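Here the structure comes first, spelled out in structure tokens, and everything after it is commentary.
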Amino acid sequence: MLFHLQDTAPKPPEPLFVERAAETLGSVLTTCGTRAKDYILEVDGGGLALADFDGDAALDLVVVDGSTIERASKGEPGFPPRLFLNDGHGKFRPAGETWTMTGGRWGMGCAVGDVDGDGWLDLAVTQWGPTRLFLNQKGQGFVEATATAGLVGDSWGTSAAFLDYDRDGRLDLAVVNYLEFVIGKIPPPGGGCSWKGVPVMCGPEGLVGQQDQLFRNLGDGKFADVSAAAKFQMEQPGYGLGATTLDYDGDGDVDLFVGNDSTPNNLWENQGDGTFREVAFLRGCGHDSNGREQASMGIGCADVDGDGREDLMVTTFSGENNSLFLSKRDKLFRESSFSVGLGGPSMPFLGWGTALADLDLDGDLDSFVFNGHVYPQADNPGTDTTYAQVDQVYENNGKLKFTMRPLSDGKPRVSRASTIGDLDGDGDLDLVAIQLDGEVRVLVNTTRERAPKEQTHWLAVELRAKDANRFALGAEVLAEWEGGRRGAEVRTSGGYQAAIQPRVHFGLGSAGLVKRLVVRWPSGKEQSLSDVAVDRLLVIEEALQ
Amino acid sequence: MIATCAVWCVLAFAPTIGFAQDGASPKLDVRARVEQALQRDPSTLPNAAAGKWADWDATKPLGDTLVRALAAGIGAYQRGELGLALAQFHGLLEVEPDLPPALYHAGLCYFRLRRYKDCATLIERFEAAAPREIGATRVLGHSYYSLGRYGDARAQYEQVLAAVPDDVEARRGLALSMMRLGQLDEALAELENVLARKPEHADAQTWKAQLLFDLGRSEEALAAALRARELGPFEPKSWYLVSQIQLDLGHDADAEAARARFEVLSRAASEIRSLEALLLTDPHALGPQHRLVEVHVSIGDAKTVRERLARLVSEAPKAVELRIFALDAWVALGDEEGARNAALELERECADEAAAWQRLESFWASVRDRVRQVQASERYLRLKGGVKDARE
């Protein structure tokens, strides 16, 4: 439940976040085609990562930028990804020359993970073109390793996720691809595509979806495309947009959920033998409850109902409801959006960045959604929606009923990817979001500013494993406190074109102590701590025994 | 009642009027008027003085001019020419602001165009102008529902049902609104109510299955879903539900079988939605109509094929290509009676076309009707020869 100031007269709920890009980041613009959005390549926006690249425990920001059809047609590079270093108080400055990344073809999203096991987070950047890899030089800068990394292919990568699917201690990479886009072959503006009777850019329907890819880390700085060998391929590929890792079946190996646009979602169940099996239909998370495929974009993943299994929040197109897939017994999911209050309020909106997280530090998980349409023509009469849209916070009342409130100032914007993390180290979770053809937004959570500190305790946990998967992606952390318990998986995949720090975060409400903290390491070992002090970032090293 | 008026208007005038008789300038291009109507935000339509329609009685005929104009709009609506109908109603509402039947029917047009907010705008105005007609505003509940405003939808359906307790569709809407609001037990009771009144209501049966499934009553849900599938065998949702419930019950083989059919129907339904969306603004487009028939044939939905073919051939009843297409569709469906009827229509409507008789010859041969086969062959040769002679 979000915190409310006590007052005698009822007041509309205040936004939980305030826009503070001007003070914290400055004006950082991204480009994704022209404002006319004549081609589908121009509508996805860029990507974001919040992760500690320089080893000072503060979350730095990567902004992945795009390009224009004109530049791409001329063979000119796109705009480069940029790193902004955090001063530890939530203020960012452009990183120095050693962190400079060159422009690729047309950047989209990114993934974060320590691919070489040196204890520093590296960066993969997806693009309309082969995925790029930037290796972190012990917190001093990036060196591009794309040419030798073996991340082959020339697809349109949107989201990506690092995961150790074969449990060899090295991080592998899954890349989610969208569709075949060849300038000159895609119908131009006025090419006969329409939406609600209005001519619009073409796609994705009618265009050819691309297979997602799985790259195995060979441990020598190279990756091998094992998509076929790992059976990580669909007979009919969907239009992939979002991705998250999770151990949905609790068998100790990592699975992958992929949100597809206008085609059924995929749930890749790790078979434990180096292969995957696609089980979304069988597990009830391929379609909405009506059996309809949705236009899935963003993904939030966490145990929102506290049953010990990860649930999935998926953002979708206008006229569709955002879907909450609640895990049930026997590894099944059930789309349960309406009964919890997440369905109806999302209908007019086209959602992108999202997460399931305790935004108000009261011990239950809330959600947020950044919205914005793909068609500028959404402002025409009769569409039942708009191009610029308000963002939403969904407040959990502690009994899995959500109430919608504005996320910040309530102004409509055309938002896209978002990422989440504690930017200023005050314990509550802040947000960064891409605004299409606009400035990157920094939204500072005001919970700890406004609420009594004794009602908004928190604990953040990072893990350091013994093997090359140093940040322990795939580990599970279980926290128990007076009046609550929650499990959380360590991941860096942030849903739609976004990445997060490998850190789990617990809102604790008024509990001033975590009675028990259990870590299940990717190695299979279990480690337990008692009476853990709160309101801090706790880094746990994997014990030898 | 509005519905009474609508029927009366059309019966009285529809055969004798056309768009040009609506009082608008005949010089104004129809296409431009349609485009203008579709582009218009209906909230910009003028408002009547407060209370102007307070005494309006739907059972009493309006003046001839208004009735003629209304009937033209309603005729266009019934032909699926929704843009044209809107242009007509907008014109009327410019002249007679908030004229209740014009508001109402314009609202219906917006609903069919899937412009739910615009529909709500006009039906709310209709309700304000003619509060006694609350029983006719079920479509406002549907619009609220489609916009995700389930609380408003519920309230609207309750008002409609207070006036017309037997309105099954309003009751179904009420049940679905309750379900969306998380009031599952109440929703289930309302669906039972719908099914008590109309046991063959496939959609209500499907939602009943969904609700039972959501309530964790999987065995009952399966029975309901199987019944829903019987009632609506071409609806992917019932197949989806059956498969999901079977999975829940651990009947994996049965679930897989249902899934296979679901996937076929789901692909078809997706294409059908896209094609129908195209027809909303271009109702006479032959391409989408052709394709719709093909898609319905592919899933074996004879009833809808019949309806679609009737509409398609009505676009050009003497067009031999359409008639042959209709015959081919019935043959592809394996519906002997439908094919025979289509063949007889082809004979009747396209008797002077060589292509018709050529196709008929092969059709009658395939059904072993030798007499007709020979007749068709002779006609074909005669007509073909005629063409040949003429060319020579």
Side-chain angles (χ1 to χ4, degrees), chain A residues 192-199 205-206 235-236 262-264 279 281-293 318-322 326 328-349 379-386 399-402 404, chain B residues 38-44 82-83 110 113-120 143 145-151 153 177 179-184 206 210 213-214 216 235-241 243-244 247-248 250 252 255-256 259 262-263 265-267 269-271 273-274 277-278 280-282:
Chain A
C193 298
S194 68
W195 168 72
K196 297 208 171 195
V198 182
E205 286 95 344
E235 199 175 313
Q236 287 284 326
S262 309
T263 41
V279 296
F281 184 91
L282 298 175
R283 305 298 183 238
C285 56
H287 303 74
D288 71 4
S289 60
N290 289 319
R292 281 199 186 185
E293 65 274 11
S318 59
E320 299 175 345
N321 58 280
N322 289 339
L326 288 180
K328 301 285 177 191
R329 64 183 167 78
D330 295 335
K331 305 192 283 189
L332 297 175
F333 288 93
R334 188 81 61 79
E335 200 246 286
S336 309
S337 321
F338 291 98
S339 57
V340 301
L342 287 171
S346 68
M347 293 294 281
F349 301 109
D379 286 334
N380 283 24
T383 67
D384 290 340
T385 186
T386 53
K399 295 174 182 169
L400 208 57
K401 292 279 180 190
F402 294 88
M404 192 186 80
Chain B
L38 289 170
Q39 287 295 318
R40 183 164 190 175
D41 175 353
S43 67
T44 62
L82 301 176
Y110 281 121
L113 284 165
R114 304 175 189 171
R115 293 172 62 165
Y116 304 115
K117 203 168 152 193
D118 291 337
C119 173
S143 295
Y145 182 89
S146 299
L147 291 167
R149 295 167 55 183
Y150 304 118
S177 305
M179 189 183 83
R180 295 308 195 199
L181 291 165
Q183 298 152 350
L184 303 190
T206 307
Q210 173 80 64
F213 190 38
D214 289 346
E235 284 301 320
K237 179 170 166 121
S238 59
W239 289 86
Y240 179 76
L241 262 177
S243 66
Q244 292 294 307
L247 284 168
D248 190 62
D252 290 6
E256 276 295 347
R259 173 188 182 171
F262 159 73
E263 287 180 345
L265 293 176
S266 176
R267 274 194 297 276
S270 178
E271 189 174 358
R273 281 195 297 274
S274 300
L278 291 174
L280 285 176
T281 48
D282 191 1

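A quick note: this is a predicted structure, and the numbers were derived from the prediction, not measured. Quick note: numbers below take in every heavy atom, side chains included, and nothing from hydrogens, waters or symmetry partners.
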Inset, instruction - Would you please name every residue forming a salt bridge (Lys or Arg N to Asp or Glu O under 4.0 Å) with B:R259, sequence neighbours left out? - result: B:E256, B:E263
Inset, instruction - Over 60° means perpendicular and under 30° means parallel, so classify the ring planes of B:Y240 and B:F262, tilted if in between. - result: tilted
Inset, instruction - Heavy-atom distances under 4.5 Å only: say whether A:L332 touches chain B with side chain, backbone, both or neither. - result: side chain
Legend entry - Note, A:P345 side chain near A:F402 side chain (heavy atom, < 4.5 Å): no
Inset, instruction - With a 4.5 angstrom heavy-atom cut-off, could you sort out which part of B:R267 is near chain A: side chain, backbone, both or neither? - result: neither
Legend entry - Part of B:R40 lying under 4.5 Å from any heavy atom of chain A: backbone
Inset, instruction - Check whether the side chains of B:D214 and B:Q210 place a donor and an acceptor atom closer than 3.5 Å, and report yes or no. - result: yes
Inset, instruction - Sort out for me which of B:M179, B:R180, B:K117 touches chain A most, counting heavy-atom pairs under 4.5 Å. - result: B:R180
Legend entry - Heavy-atom closest pair, residues A:G291 and B:S266: O-OG, 4.2 Å
Legend entry - A:S337 side chain to A:N322 backbone, donor-acceptor under 3.5 Å: yes
Inset, instruction - Examine whether an atom of A:S289 lies under 4.5 Å from a heavy atom of chain B, and if so say whether it belongs to the side chain, the backbone or both; otherwise answer neither. - result: both
Inset, instruction - Can you tell which part of A:K196 gets under 4.5 Å to a heavy atom of chain B, answering side chain, backbone, both or neither? - result: side chain
Legend entry - Side-chain donor/acceptor of A:D384 to backbone N/O of B:Y116, under 3.5 Å: yes
Legend entry - Pick from B:T206, B:L247, B:L181, B:D41 with the largest number of heavy-atom pairs that fall under 4.5 Å of chain A: B:L247
Legend entry - Side chain, backbone, both or neither of B:L241 within contact of chain A (heavy atoms, under 4.5 Å): neither
Legend entry - Contact class of A:E205 relative to chain B, heavy atoms under 4.5 angstrom: neither
Legend entry - A:R292 atom CZ: more than 12 heavy-atom contacts under 6.0 Å: no
Inset, instruction - Please state whether the side chain, the backbone, both or neither of B:L280 comes within less than 4.5 Å of a heavy atom of chain A. - result: neither
Inset, instruction - Measure B:D248 against the heavy atoms of chain A and call it side chain, backbone, both or neither at under 4.5 Å. - result: both
Inset, instruction - Select one option (side chain, backbone, both, neither) describing which atoms of B:S146 are under 4.5 Å from chain A's heavy atoms. - result: backbone
